[in-house]
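In what follows, every chain begins at residue 1, and chains take the letters A, B, ... in the order their sequences are listed.
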Amino acid sequence: MSVGLVILVVVAIATVGFFIGRARAVSSVAGDVRQLHSLPSYYGQTVFLFSAVPALLVTLAWLLLQPLYVENQVSGIILPGDIAEGSSLDLVMADVRRISSGLDTAVAAGVLDKNALTQLDASQTDVRALLGDVGVALASDVHPNVFAAAREYRATTATLKGAMAAVAVVLAVLGAVIAFARIHPEYRARNVSELAIKSLLILSSMVAILTTVGIIFSLLFETSNFFRMYPARDFFFNLTWNPQFTGGSDLGILPLLWGTLYVSFVALIFAVPIGLLVAIYLSEYASRKVRSIVKPAIEVLAGIPTIVYGLFALITIGPLLRDYFAQPLGLGASSSSVLTAGVVMGIMLIPFVSSLSDDVINAVPQAMRDGSYGLGATQSETVRQVILPAALPGIVGAILLAASRAIGETMIVVMGAGAAAKLSLNPFEAMTTITVKIVSQLTGDTEFASPETLVAFALGLSLFVVTLCLNVLALYIVRKYREEYE
Amino acid sequence: MTDVTSGANMAPKPKTSLLVQDARTKRRNAAEARFRTYGVVAITIAMLALVGLLSSILYNGSSAFRQTFITLDVYLDPAKLDKDGSGDIAKIAKVTTFGYAPLIKKSFEAEFEKSGIGVDGMKSKDAAKMISKEGPAELRRFVLAHPHMIGETVTFEFLASGRIDGYYKGRVTMKSAEIDKNVSPQQLQLADQLKAAGLLETKWNWGFLTRADASENRPEAAGLGVAILGSFYMMIVVLCLALPIGVATSIYLEEFAPRNWITDVIEVNISNLAAVPSIVFGILGLAIFINFAGLPQSAPIVGGLVLTLMTLPTIIIATRASLKAVPPSIRDAALGVGASKMQAVFHHVLPLAAPGILTGTIIGLAQALGETAPLLLIGMVAFVREFPGAPPEGFFDPAAALPVQVYNWTQRADPAFVERASGAIIVLLVFLLCMNAIAILLRRRFERRW
């Protein structure tokens, strides 16, 4: 039974339980519902919840834990001698999973039948060719023990899946029966079902915490693996980034960090003055008509996905900067450069800066403007000497948030900044950033045992920490230095 | 006591007039005008950037929706396709795509004879290269679907090769063809003749929206079908998970949560998650969903789960705002007539907040639809030619996604893929526009002010 079917069956049992429970409550008072503690459908609801929720939760937990258990069982079959030089147990287990899913495909395609599979001996049959026939390509010939492990893996998985379906259905029925047996006129069905619903609400609000915990743990876990293979000192202080998949690579974060900061700096230089001036003009000078056109247009800019900006950098801004600035000035011949990515990212950040500063500027009370005008100041003097100082903490917060966005931005730099890790000052040169390298180290065929792949997690952790610090700092500045009016 | 300087020591006051500006006023007014100009310049730059962005995409991408087709009469030669004349589909299927290429060559020869077109010194072999490499494969699919047509002559519409197509879109010129090994000036001349004879036509191309992706050297056959379907599956997953979880979380935080440190932790968490870079969610998806839970790579379910986690903060923030907007008098009235707290929330507050929640959800979905970076890490960059199956199993099949398809195409060498990528962006933007328009309509139609 597939997982979808199990869920459907459980929900069906629970729904039937709802109607039976409701009917029992009504019949227990011979149709006079006023004698019930709660409305009849609450009795049905208790049956539904008792039946569906435990069964579905167990299914979910089972799905998460099953692969762990199966792998533990199966990895015993593989002896240390089966692991090839330069390989690891993880890699062999990945092979086992591939072969086992390949066997599934083979059985489904009818190339193999179930009885033949149990007789199959990898030392005599060419399993690789067999699986190649059904479209599962394997990198190397299959070792007999690995094949045995794969067969065991497949069998255990199938057994456990059946067991899961059985357990879920039994739980659903059991829950329904228990809830059903408890129905009598004095049963406080509404309180029980409301308590259950409230627990579900609390449970779902835990998802946010679980996500954060998941992010932190997955980053920390793989990063500690990385630092076991590659010294932390080199990672933080080495000045070269030169991953070699044959080993002996230099994985220093500094060139990437420099590229990230340089691109973000260019973006902020571009976005902050423009965004700020746009916000000031819109809130202090613009007529209602201009506002009604410009504001939605800026919001459109904010709603455009970053991949669009990336393409814009790649096909328009990059060649433009190269042909009209870099080449005539003799500064470079590459269309992907720090300036390309920076300018396009700056465009992306304009709405971000302007809408955040718009909020802060509008929060400055009108009385302060009026006071300034009353003393004879012009509008620009009021803006520069009264409004901006009053709104400064908010604006600094907005800039920090924009910086955090710029540092974490991926698609624009992947498509606009280039891939060469360099420590250079020339803005027309291609440089690379932390996010670009995360993408390039983790896409394609990845094996999770080499430092060249795991470094992406260390980079991710650095990125996470830096952006988190910027966000917290921004919030802190806004809270601490906010002038309270009224 | 104040010191009053005696009038005798004061310099005679310069004569001023309200009608004539003095130097200082002039300076201040000039500064004012300058400042205003800065504002106008800033707005102009922002608007120019928007216009430049959109027009560059439209300019490069709109041609992707049109494609050049060549119409030919092909004789389905039984001697080539069905040697023993048995009509057995298994035997016909043994003829590979290569076996169909000569048929196209033959039909060019027939065409040259019939209508007298042709370029000196050009062989039918070179003419056949004007047809997309996908052409023979399409012909084969047609024959396998209609085996009884073998032996007859069918009129077939082939995709022209990417270079011929580029010639009619201005990408390829006679000059560039001279140094291009994939196309020759003779082929372009022949194409012009075919066009004059009405056999070659550039027209609207549904295939761009319905076909699967195609390999590096046949950009003309690449389409968005798999990507659109994959994105659609992911949106279903996001909607089914993010909406209930988001609404439940917001109801708890807004209506039931006691003010204590646990609630504070949850709230800080949510606002932090909203600011975490999207690529970190990709790393999470790779580590938890693929490596730990063993879900398949490039499957819409994994993409949907990752995007759900990313969209949750957006939905929660929107839902809480619209729950907050429902006045307390509604709750008080419900409690007053004997409803429980749960009943007050679910029967009265939630329906009133529904339009706001829906609007927030659609905006969250629109964000998720355009998100690329996390999908790159969970293997959605893989080259997928097969359409995923029907749900729910289809959620676990490999698929592409719209924004990732754009990225994929930009990484390929043939310039025809740039046009495709921009075209895909137009499709993406149209989807986003529709979603946002629905959100705005909903807000206009159902928004209540209290």
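Note on A:Asn191, A:Ile197, A:Leu203: by heavy-atom pairs under 4.5 Å with chain B, the leading option is A:Ile197.
Between B:Leu376 and A:Met411 there is a side-chain heavy-atom pair separated by less than 4.5 Å. Annotation: side chain of B:Tyr38 is not in contact with side chain of A:Ile280 (no heavy-atom distance under 4.5 Å). Using a 4.5 Å cut-off on side-chain heavy atoms (C-beta onward), A:Pro305 and B:Leu428 make contact. Proximity of B:Ile43 to A:Leu282: side-chain heavy atoms (C-beta onward) are separated by under 4.5 Å at one or more points. With contacts defined as side-chain heavy-atom distances shorter than 4.5 Å, the pair A:Ile304/B:Leu54 qualifies. B:Ile279 places a side-chain heavy atom less than 4.5 Å from the side chain of A:Val439. Proximity of A:Leu311 to B:Ser422: side-chain heavy atoms (C-beta onward) are separated by under 4.5 Å at one or more points. Contact check for A:Ile438 versus B:Leu377: side-chain heavy atoms found under the 4.5 Å cut-off.
Contacts of A:Thr316 with chain B are made by side-chain atoms alone, with heavy-atom separations under 4.5 Å and no backbone atom involved. Of the two parts of A:Ala286, neither the backbone nor the side chain holds a non-hydrogen atom closer than 4.5 Å to a non-hydrogen atom of chain B. Residue A:Val290: no heavy atom, backbone or side chain, is found under 4.5 Å from chain B. In this structure, the portion of A:Thr467 lying under 4.5 Å from any heavy atom of chain B is its side chain and not its backbone. Proximity to chain B is absent for every atom of A:Arg405, based on heavy atoms less than 4.5 angstrom apart. Residue contact with chain B, scored on non-hydrogen atoms closer than 4.5 Å, is absent for A:Val344. If you measure heavy-atom distances from A:Leu475 to chain B, you find no contacts under 4.5 Å at all.
Here salt bridge (Lys or Arg N to Asp or Glu O under 4.0 Å) pairs that include residues 260-271 of chain B, with residues two or more places apart or in two chains, are B:Arg259-B:Glu267, B:Glu267-B:Arg320.
Heavy-atom neighbours of A:Arg291 CZ from other residues, nucleotides or ligands within 6.0 Å: above the threshold of 12.
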Anything under 3.5 Å between a donor and an acceptor, one on a side chain of residues 206-217 of chain A, the other on a protein residue two or more places apart or in another chain? List them.
| unit_1 | atom_1 | unit_2 | atom_2 | d |
| --- | --- | --- | --- | --- |
| A:Thr211 | OG1 | A:Val207 | O | 2.7 |
| A:Thr212 | OG1 | A:Ala208 | O | 3.1 |
| A:Thr212 | OG1 | B:Asn269 | OD1 | 2.3 |

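Here the straight-line distance linking atom OH of A:Tyr281 with atom OG1 of B:Thr37 works out to 9.0 Å at 0.5 Å rounding.
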